[in-house]
Every structure is written in C-alpha cells, then in structure tokens.
Amino acid sequence: MMEDPRAVLARSPMGTWQIVAIAVCVLLNAIDGFDVLSISFAAPGIAVEWGVDRSALGFILSMELLGMAAGSIGFGNLADKVGRRPVMIACLCIMTCGMWACTQVTTLTTLSVCRLLTGFGIGGMLACGTVMASELASTRFRSLSISAMAAGYPLGAVVGGFFASRFLIHGNWREIFILGGCITLCFIPVVLFLLPESVSWLAHRQPPRTLERLNRVLLRYGHQPVTELPARPLTEAKVSLRELLSPPLVTTTLLLTLAYFSQMLTYYFILKWVPKILVDMGFSHSDAGTALVWANVGGLISGFVISGLSLRINMRKMVVTLLIMAAGLVTLFGRSSADMGSIRIILTLAGFCSQGAVNGLFAIIAQSFPARVRGGGTGFVFGIGRGGAAIGPVLAGWLLSSGLSLRGVTLVMSMGAIIAAAAVLALRAGKQTKPLAATGAPT
C-alpha cells in the first residue's frame, strides 16, 4: 500500500521550496503585524486633524481587533472547506482594499468601518497562515516553523514602523496606510506563485482533480508522485463547548482563557496607545512612532530568547515571572520622565516581557488540554482572549478621557498582567512540570 503523502512530508527532510513557502507565511504574518499597528502610528495625526478625544480614539484603535476575532473564526472555517490558499489570497485582497480605503476617509465612522474590514482580513490571514506553516513543515521542524511564523508579527511592526516614523517627519498619517496597502497588494502574486495548496488539506478534503494537484505539489517539494489517494475518514471528531466547560476540563479552560484575555488587555494597551500618549507628553509624531517600534523590537527578541530558555526552565514559572515584570514595566512607563532614551528602554523591556509571556502562554495551553480536545480548546481560549485585545484600547481611552492621570491609567492597565499571572499560578500543579519550547502565539 502506498504511503500517505502527509506522512511523507512529516518524516522527510525539508526541501528548498518548502522552506520558501514557510518564509512566505512568515512574511505574510509580518504584513499583518504592520497592518494591525498602522492605526497606532497614525493615531496622533488623526487626533490632531479631526479633533478626536481619547475615548473615541480608543474605539477606533479597537476596530480591527474586533474584525480579527470575526475573521479568524469565519475564514478559519472557510479554509477548512475551500482550501488554505484561496482564502489567504482573499484575505490579502480584503486587507489591501481596507488599507487603501483608510486613505480616503473623512469621518470617524467610515474610518472605523475600514479598520473593521481590514481586521477581518488580518484575522483570516493569521488563522490560515499559522495552519499553513504547520502543515508545510516536517515533524522535526514544526515547532520552529510556528515560532518563525509568530516572530513575523513583531518583525513587520519593527520594519514597517521604521518607515512609518520616517514618513511622519514630513508627511501625514494617510501615507502609512498607503505603504501598508502597497506592500499587501504586492504579496498577492507572491502567494499565487510561491505558495501552493496544503498537502494535508488536499489529502483530507480531496476536491476535484486532487490527485493531479497533489502530485504537482509533491514533485515541487522533491517527492515521488502517488498513484492513489489516502482513505478519507468516515467521521470527523468535533470538540463540544460543553465538554470544555464541564469537569474535569472546566477549571483549566476558564483559567487559561482568563490568563490570555487579561494579558491581551495589558499588551494591546502598549501597542495601541503609546504613540498618542507620547505625543501628548510633547514628543514629535516621528519620535512617538519610533518608541513603539522599540517595544516591538523587544517582542521580536523575546521570541528567540524565551524559546531557548523554555528548554531548561519550567514554563509556568517563567510566564508568571514575565507577567509580573510586564506589569511593573507598564506601571513604570506611567511614571517615567520626559526623556526619550529612558522611555525607549522601558518600552523595549515591556515588549520583551509581554510578548514573551504570550508565547509562553501558548506553550502552556498546548500542554494543558488533552490531545483529543487540544485544537478546540486552544481555539476557544484564543477566540475569547482576543476580546481582551479589543477591550484594552477602549478601556484605556475611557480612563484617559475621564481625567485619570497617566500614572493611574498605567496602574489599572497593568492589572491585566497581574490577573493573568494569578490565573497561571492557579492552574493545577503538575500540569506544566516539563519544559516545552514556546511555539509562539498569534497575537
């Protein structure tokens, strides 16, 4: 009997075209990283041009995060039916349209709709890209592939933010969205030519002309073609929400969801509000954008450092430590002097601890759920957790507009990381006793 092509890819060394395809997934996640944070770089200019108060600005900063949650669920399910590749191309088209539309808006309402649309595409790209990177890699390099995919997110924010900060010196906030739209558009032909359909999806769903399409991909990856398709499963196991919220899983599910939700609330306060806060402190738009870039530099570095440390240090203890440090650094940011050098150091460290905690939480989640419900359990935690990402900027905007001092706002927002640390500590002892390499989480 002929070997299943999925098993062939899983056990074989990685070929050049597989590595290229994974690199494309990493770069697509980098685009997502810049597109998500483009509104953060643009926020100070929007506030000045339209006279937007902090409360309204908080809602605008959250729009694409709401779209991401919906897009991740909607496009993720669609990709299981029609394929990863066509959905990723559709998401790129939506993101391009959304970014370009932001350059033409004249009201807060239309800007919010455009950001919601952009987020819908970003969420779908995050879901499909992560799955594609996992299915492209061999078993040996799967964790590394997903880690590289996760590192693409802050990488895009760093590189894109560098150019955005340069534009803000002499340009206006609309040029940031023009940059994002152009880059996103350029990647549509890249996906068309360099990213074939997933072998795992083809073998599992078996659409028309599967054998021909499957062999074309296998030959490209340097493997022999197959003469017959693997047998399709008669039934597919589905994870019940009732099972996740019933003993013995209910405590684990709720604690992990609380931890991820709370950390997202704190982390996205940093990612969304730093430029506007720094402009209000008297810094230029360009300097404020550069400061946010440094926060993402810290996040990028943490992906490599935390993955190495996790092989030797207990993951739960490391995540709790990072969360407590992140809370302290966010609080310190609210008490920092108007010195850009010290602010950049604080933000770099805050980005390192916050992103490192997110990556570590993903590893803990992977260990905490049994294999039969791991996919559904992880999806539930991240789906609800993104609510924290959306609420964080809104809550911060309301606190700032209510007259609370920056010290008070950062103290309140840092509580998310403290609650997350408490939730991780409350997980049953022994669940995270073995070190596990952080695979990186979609933020």
Side-chain angles (χ1 to χ4, degrees), residues 31-75 89-126 156-157 160-161 163-165 167-168 170-188 268-269 271-277 279-280 285 288-289 292 386-387 389-398 400-401:
I31 294 175
D32 283 355
F34 175 69
D35 284 0
V36 168
L37 294 185
S38 58
I39 189 69
S40 303
F41 294 111
I46 294 171
V48 171
E49 182 175 326
W50 291 349
V52 181
D53 63 30
R54 291 172 169 179
S55 179
L57 192 60
F59 280 98
I60 295 174
L61 292 173
S62 292
M63 282 298 102
E64 84 275 358
L65 300 175
L66 294 174
M68 284 173 65
S72 180
I73 296 171
F75 277 124
I89 294 171
C91 289
L92 284 172
C93 293
I94 292 172
M95 291 161 60
T96 301
C97 293
M99 294 292 283
W100 278 93
C102 288
T103 68
Q104 305 300 315
V105 297
T106 56
T107 66
L108 290 180
T109 301
T110 52
L111 178 59
S112 297
V113 172
C114 292
R115 292 307 295 167
L116 188 68
L117 174 67
T118 306
F120 194 60
I122 293 171
M125 182 62 71
L126 281 171
F163 289 103
S165 299
F167 288 161
L168 290 172
H170 303 295
N172 61 54
W173 58 268
R174 288 179 174 83
E175 294 181 357
I176 297 172
F177 295 112
I178 293 175
L179 172 65
C182 288
I183 295 174
T184 306
L185 178 63
C186 289
F187 266 81
I188 294 177
Y268 271 87
F269 162 67
L271 295 182
K272 293 296 186 179
W273 271 104
V274 159
K276 181 63 172 70
I277 289 173
V279 168
D280 291 344
H285 291 191
L292 181 57
R386 282 177 181 158
I391 292 173
V394 175
L395 175 61
W398 179 78
L400 288 166
S401 63

Asker: Write down the atom of L66, the atom of A390, and the distance for their closest heavy-atom approach.
Answerer: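 Reported closest heavy-atom pair: CD2-CB, 3.6 Å.
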Asker: Which value, rounded to the nearest 0.5 Å, describes the distance between I46 atom CD1 and I60 atom CD1?
Answerer: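 Those atoms lie 6.0 Å apart.
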Asker: Nearest 0.5 Å, what's the CH2-OG1 distance between W50 and T106?
Answerer: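 So the CH2 of W50 and the OG1 of T106 are separated by 6.5 Å.
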Asker: What distance do L111 atom CG and L116 atom CG have between them, rounded to the nearest 0.5 Å?
Answerer: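 With rounding to 0.5 Å, CG (L111) is 11.0 Å from CG (L116).
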Asker: Looking only at non-hydrogen atoms, find the nearest pair between W273 and G397 and report the distance.
Answerer: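 The answer is CZ2-CA, 3.4 Å.
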Asker: Start with the C-alpha gap between M99 and L185, add the side-chain angles, then the distance that decides, and say whether side-chain contact (heavy atoms from CB on, under 4.5 Å) holds.
Answerer: CA-CA 10 Å; M99 294 292 283; L185 178 63; over 6 Å; no
Asker: Quick one: closest heavy-atom pair of G180 and D35, and the distance?
Answerer: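 Heavy atoms of G180 and D35 come nearest at CA-OD1, 3.9 Å.
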Asker: Might you point out which heavy atoms bring L37 and A157 nearest each other, and give the distance in Å?
Answerer: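 Minimum heavy-atom contact is CD1-CB, 3.4 Å.
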Asker: Mind listing the closest non-hydrogen atom pair of A164 and F41 along with its distance?
Answerer: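 Closest pair (atom of A164, atom of F41, distance): CB-CG, 4.2 Å.
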Asker: If you measure from CD1 on I178 to CD1 on I183, what distance do you get to the nearest 0.5 Å?
Answerer: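 Rounded to the nearest 0.5 Å, the CD1-CD1 separation comes to 12.0 Å.
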Asker: Using atom types as modelled and distance alone, determine if a side-chain donor or acceptor of S62 lies under 3.5 Å from a backbone N or O of L65.
Answerer: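 No.
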Asker: Just how far is it from atom CG of L179 to atom OG of S38, taken to the nearest 0.5 Å?
Answerer: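 L179 atom CG to S38 atom OG measures 9.5 Å (nearest 0.5 Å).
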Asker: Kindly indicate whether the side chain of L61, heavy atoms from C-beta on, has any atom under 4.5 Å from the side chain of K276.
Answerer: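 In short, these two side chains do not touch, never coming nearer than 4.5 Å.
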Asker: Kindly say whether G67 contributes a backbone atom to a donor-acceptor pair with the side chain of R115 at under 3.5 angstrom?
Answerer: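 Pair absent, no side-chain N/O of R115 close to backbone of G67.
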Asker: State whether the side chain of W173 and the backbone N or O of P44 hold a donor-acceptor pair below 3.5 Å, judged by distance alone.
Answerer: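 Absent.
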Asker: Could you measure the distance from the CG atom of L92 to the CD1 atom of I31? Nearest 0.5 Å is fine.
Answerer: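 Here the rounded value is 6.5 Å.
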Asker: Mind listing the closest non-hydrogen atom pair of R54 and D280 along with its distance?
Answerer: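 Heavy atoms only, the tightest pair is NH2-OD2, 2.7 Å.
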Asker: With heavy-atom distances below 4.5 Å as the criterion, would you say the side chains of M125 and I94 are in contact?
Answerer: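 When only atoms from C-beta onward are counted, I94 and M125 do not touch, as no gap falls below 4.5 Å.
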Asker: So, R174 side chain and T103 main chain: donor-acceptor pair closer than 3.5 Å or not?
Answerer: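 Checking the backbone N and O of T103 against the side chain of R174, a donor-acceptor pair under 3.5 Å is found.
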Asker: Under 4.5 Å between any side-chain heavy atoms of I39 and F177, yes or no?
Answerer: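 Counting from C-beta outward, I39 and F177 do come under 4.5 Å.
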Asker: Does any part of the side chain of I391, heavy atoms only, come nearer than 4.5 Å to the side chain of Y268, both counted from C-beta?
Answerer: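 No, side chains not in contact.
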Asker: For residues V36 and M68, determine if any side-chain heavy atom of one lies less than 4.5 Å from a side-chain heavy atom of the other.
Answerer: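 SC-SC contact between V36 and M68 confirmed.
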Asker: Pair C114, W100 - check side-chain contact (heavy atoms from CB on, under 4.5 Å), show working.
Answerer: CA-CA 9 Å; C114 292; W100 278 93; over 6 Å; no
Asker: Using atom types as modelled and distance alone, determine if a side-chain donor or acceptor of S40 lies under 3.5 Å from a backbone N or O of L271.
Answerer: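 Looks like yes, one N/O pair under 3.5 Å.
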Asker: Taking the side chain as C-beta and beyond, is there a heavy-atom pair between V52 and F59 under 4.5 Å?
Answerer: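 They are not in side-chain contact.
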